[in-house]
Amino acid sequence: MRELLRNIKLFFVLFPIVLVAQTPKADLSQLPYEELKELFIKNDKNKKIQLEYANAYLTKAKTGNSNINKARGFYLLSLLYKGEKAIKYLDFAIRFSKSTNDLKFPAYAFSRKAYELKEQSRYREAIDNFILAENSAHKNNIDFYFDVKYSIALLRSEELGEVAEALVLFKECFNYYKDKEVRTPQYSFAYQDVIFALADAFKALKQTDSSTYYNKLGYQEAIITKNEKYQYLFILNEGANHVLKKNYSVAIDSIYKALPKMIAFKDQGNTLASYYYLGKAYKGMGNTHAAFQNFRKVDSIYTISKKIIPEFMGGYSFLINYYKERGDKENQLKYINIYMTIDSTSQKNYKQLTKKLNREYDTPHILLEKARLIQSLEKEKTAYYIAISMLVILVITVGGFGFYENQLKKKYRSRFDKIMQQTTEVLLEETLAPEVSEKNPSNTSYETIGIGQEIVQQIQEKLALFENQCGFLDATITIQKVATSLNTNSKYLSKIINEYKGKSFVQYINDFRIEYAVVALKKDYKLRNYTMQALATEFGFNTAESFSMTFYKKNGIKPSYFIKELKTGKIN
């Protein structure tokens with residue numbers, strides 16, 4: 001039912017039609033290859049002009065000694081002929097493209113040659129070329145690989161009646177195409193073609209519900225993509241499906257909707273199918289005369305085309321019995337002879353092709369599948385060991401992280417306890433009142449810094465007052481500002497703090513701020529509910545980040561942890 005569609009598909013997949021027509025030019029071989037190809041396709045109504053473009057393409061390829069373009073040129077010529085002449089040109093296309101590693105050739109040439117051989121009922125040779133096409137496409141054109149797989153499935157289903165075997169291949173194709181952009185011109189035809197094949201196969205296997213499912217799916221896709229022919233093909237197929245369901249009136253209605261379109265499309269195979277299922281429907285309704293008329297039309301089409309698939313041979317059994325019941329031995333014998341001729345050819349082809357397919361297609365694919373399974377199991381085994389290794393690593397990592405966290409908590413807790421031990425519960429100002437000098441001044445130290453003893457002592461006394469008054473909490477404080485307030489200069493102040501405090505000015509200020517913060521947080525529980533930014537402002541820092549970083553640098557823990565522990569310990 002789908003052979004004509006496949007030939008049309010192959011033609012349009014290979015060479016997309018351009019929108020603007022052009023007429024032949026004087027020196028055609030000077031045109032680019034792509035333009036020659038487009039002109040060839042655009043003039044598909046005029047074989048004479050097409051021949052000029054094909055010859056120009058081939059001439060250009062020969063002049064340029066381009067093997068792949070010679071192959072394409074011979075392929076174009078093959079499209080203009082049928083039978084042996086087409087096969088001859090296809091053989092040239094195969095010959096010139098075999099070693100080119102092209103994405104399309106020689107796979108396309110093998111496939112089209114297979115169709116030509118199939119038309120001549122040379123099925124064994126057709127199978128050979130389909131297999132060659134599949135093998136060639138599998139290397140570098142996976143789309144066409146599944147196109148050829150479909151063709152092989154179609155041959156098995158329609159020519160050999162091996163529907164169950166074909167169904168497996170159709171499903172593979174469907175699973176491939178369904179993940180593509182199936183409503184684009186690139187894939188819509190192939191996708192709907194495969195859906196039709198599935199619906200037809202399920203119908204042949206009398207799995208009518210599955211057939212209906214795919215007929216509906218295909219019809220919806222055909223509507224969306226505005227593919228009129230497929231819309232009516234799915235209507236026809238569902239009509240045939242209703243015959244099997246014994247919904248004869250519904251079946252006849254659907255088939256009569258599709259039949260005029262099949263005739264208009266000159267689809268001989270599906271016109272024959274329409275008459276066959278009309279015959280079956282009328283037979284089911286008990287309308288013998290109408291059944292007879294439709295089965296006779298099936299025979300008329302076969303007489304002209306000499307082509308019929310096993311699915312439609314049942315009509316001859318009806319015709320034989322019809323004439324037998326009427327005592328018309330002449331016509332009875334006529335249809336017996338026709339039936340036996342078809343059956344004999346079918347049986348011969350079936351035996352030869354089944355053996356060939358089993359040996360040359362099924363067995364290699366089974367072996368390939370076996371290899372894939374072994375490879376898959378090895379991958380799963382490897383994946384299992386990797387998973388176990390990753391799990392062990394994860395356990396060790398989690399365990400290590402847990403141990404690290406536990407150790408860190410212990411370390412933080414130890415630091416917290418140390419801070420608590422160092423800080424006594426006394427008045428804040430007393431806690432922060434240092435001695436006037438943290439070092440015993442000597443004449444040597446005075447000489448070292450180059451400042452007189454009297455000046456050093458005066459500045460230290462003023463610094464003590466500055467500390468007791470918490471001057472360090474001023475967020476805008478600078479060494480110049482403090483020096484001015486102490487009636488000295490920043491140079492003297494810096495030297496004294498470095499020598500007698502053992503720190504830089506910034507460290508000196510920040511240490512006081514943090515010591516003040518620790519005591520304040522211990523004494524005032526309200527402060528523990530402040531935000532970090534509010535605390536930073538409270539203790540003379542401009543940002544929460546600088547406060548937190550300075551606190552951690554001095555105490556080894558962050559203020560957030562210190563506050564949390566204070567709250568947990570309920571220290572008020």
Side-chain angles (χ1 to χ4, degrees), residues 2-3 5-7 9-10 13-14 71 74-75 78 83-84 86-177 190 193-194 197 201 309 346 348-373:
R2 302 179 292 278
E3 189 171 317
L5 292 173
R6 300 304 295 172
N7 286 326
K9 177 188 174 184
L10 183 61
V13 165
L14 295 178
F74 280 117
Y75 189 90
S78 78
E84 289 304 316
I87 291 171
K88 174 186 172 184
Y89 286 130
L90 289 166
D91 283 335
F92 278 119
I94 292 165
R95 172 186 161 192
F96 283 110
S97 61
K98 264 190 174 179
S99 58
T100 60
N101 199 32
D102 187 72
L103 292 178
K104 296 179 179 179
F105 289 94
Y108 284 169
F110 277 129
S111 180
R112 186 160 187 278
K113 183 180 176 182
Y115 275 107
E116 287 295 333
L117 292 165
K118 184 181 173 186
E119 285 292 309
Q120 297 179 33
S121 300
R122 293 160 63 181
Y123 296 112
R124 295 184 66 181
E125 295 171 80
I127 288 171
D128 285 335
N129 280 273
F130 275 133
I131 292 172
L132 288 168
E134 187 186 52
N135 290 339
S136 176
H138 190 262
K139 297 175 186 176
N140 53 16
N141 192 335
I142 200 67
D143 279 353
F144 195 65
Y145 169 78
F146 278 97
D147 187 280
V148 179
K149 184 183 287 288
Y150 176 94
S151 299
I152 293 170
L154 200 61
L155 185 147
R156 301 190 79 156
S157 174
E158 296 195 343
E159 303 299 337
L160 303 181
E162 293 183 348
V163 181
E165 293 82 354
L167 184 60
V168 174
L169 301 180
F170 288 141
K171 285 180 178 178
E172 287 182 35
C173 295
F174 176 77
N175 288 332
Y176 174 75
Y177 286 120
D193 213 9
V194 169
I309 63 177
S346 297
K348 180 183 177 183
N349 289 335
Y350 177 82
K351 288 176 183 177
Q352 291 181 347
L353 299 183
T354 300
K355 184 178 179 181
K356 190 173 186 67
L357 280 166
N358 286 337
R359 184 178 68 251
E360 299 184 20
Y361 187 78
D362 290 337
T363 301
H365 278 69
I366 289 170
L367 292 173
L368 180 61
E369 185 62 24
K370 178 184 175 182
R372 286 173 180 166
L373 284 171

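Throughout, residue positions are numbered sequentially from 1 according to the sequence presented.
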Item to check | Closest contact, heavy atoms only, S78 versus L90 | outcome: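 Looks like OG-CD2, 3.4 Å.
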Item to check | Set of residues satisfying ring-ring contact (aromatic ring centres under 6.0 Å, His included) with respect to Y176, sequence neighbours excluded | outcome: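 Y176: ring-ring contact (aromatic ring centres under 6.0 Å, His included) contacts with F146.
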Checklist entry - Can you name the ring-ring contact (aromatic ring centres under 6.0 Å, His included) partners of F74, sequence neighbours left out? => result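 In terms of ring-ring contact (aromatic ring centres under 6.0 Å, His included), with neighbours along the sequence ignored, F74 is linked to F92, F96.
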What residues, two or more places apart in sequence or in another chain, satisfy side-chain contact (heavy atoms from CB on, under 4.5 Å) together with [X]?
{"X": "A166", "result": "A153, R156, S157, F170"}
{"X": "N101", "result": "N140"}
{"X": "S136", "result": "P106, A107"}
{"X": "K139", "result": "none"}

Next on the checklist: Restricting to side chain to side chain donor-acceptor pair (under 3.5 Å), what partner residues turn up for S97, sequence neighbours left out?
Outcome noted: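 Expected list: none.
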Next on the checklist: Checking N141 now: which residues fulfil side chain to side chain donor-acceptor pair (under 3.5 Å) with it, not counting sequence neighbours?
Outcome noted: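 With sequence neighbours excluded, N141 shows a side chain to side chain donor-acceptor pair (under 3.5 Å) to no residue whatsoever.
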Checklist entry - Roughly how far apart are K88 NZ and E116 CD, rounded to 0.5 Å? => result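 Atom-to-atom, K88:NZ and E116:CD are 14.5 Å apart.
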Checklist entry - Is any side-chain heavy atom of I87 less than 4.5 Å from a side-chain heavy atom of Q120? => result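 Contact flag for I87/Q120 side chains = yes.
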Checklist entry - With side chains defined as the heavy atoms from C-beta onward, is the minimum distance between F144 and K104 less than 4.5 Å? => result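 A side-chain contact under 4.5 Å is absent here.
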Item to check | Y75/Y89 aromatic ring centres below 6.0 Å | outcome: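 No.
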Next on the checklist: For the aromatic rings, using the six-membered ring if either is Trp, is the centroid distance between Y115 and F130 under 6.0 Å?
Outcome noted: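 Yes: the rings meet the under 6.0 Å criterion.
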Item to check | Contacts of D91 that satisfy salt bridge (charged side-chain N to carboxylate O under 4.0 Å, His left out) - sequence neighbours left out | outcome: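 Salt bridge (charged side-chain N to carboxylate O under 4.0 Å, His left out) check on D91 returns K113.
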Checklist entry - Among all residues two or more places apart in sequence or in another chain, which pass the salt bridge (charged side-chain N to carboxylate O under 4.0 Å, His left out) test with R95? => result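 If we apply the salt bridge (charged side-chain N to carboxylate O under 4.0 Å, His left out) test to R95, skipping adjacent residues, there are no hits.
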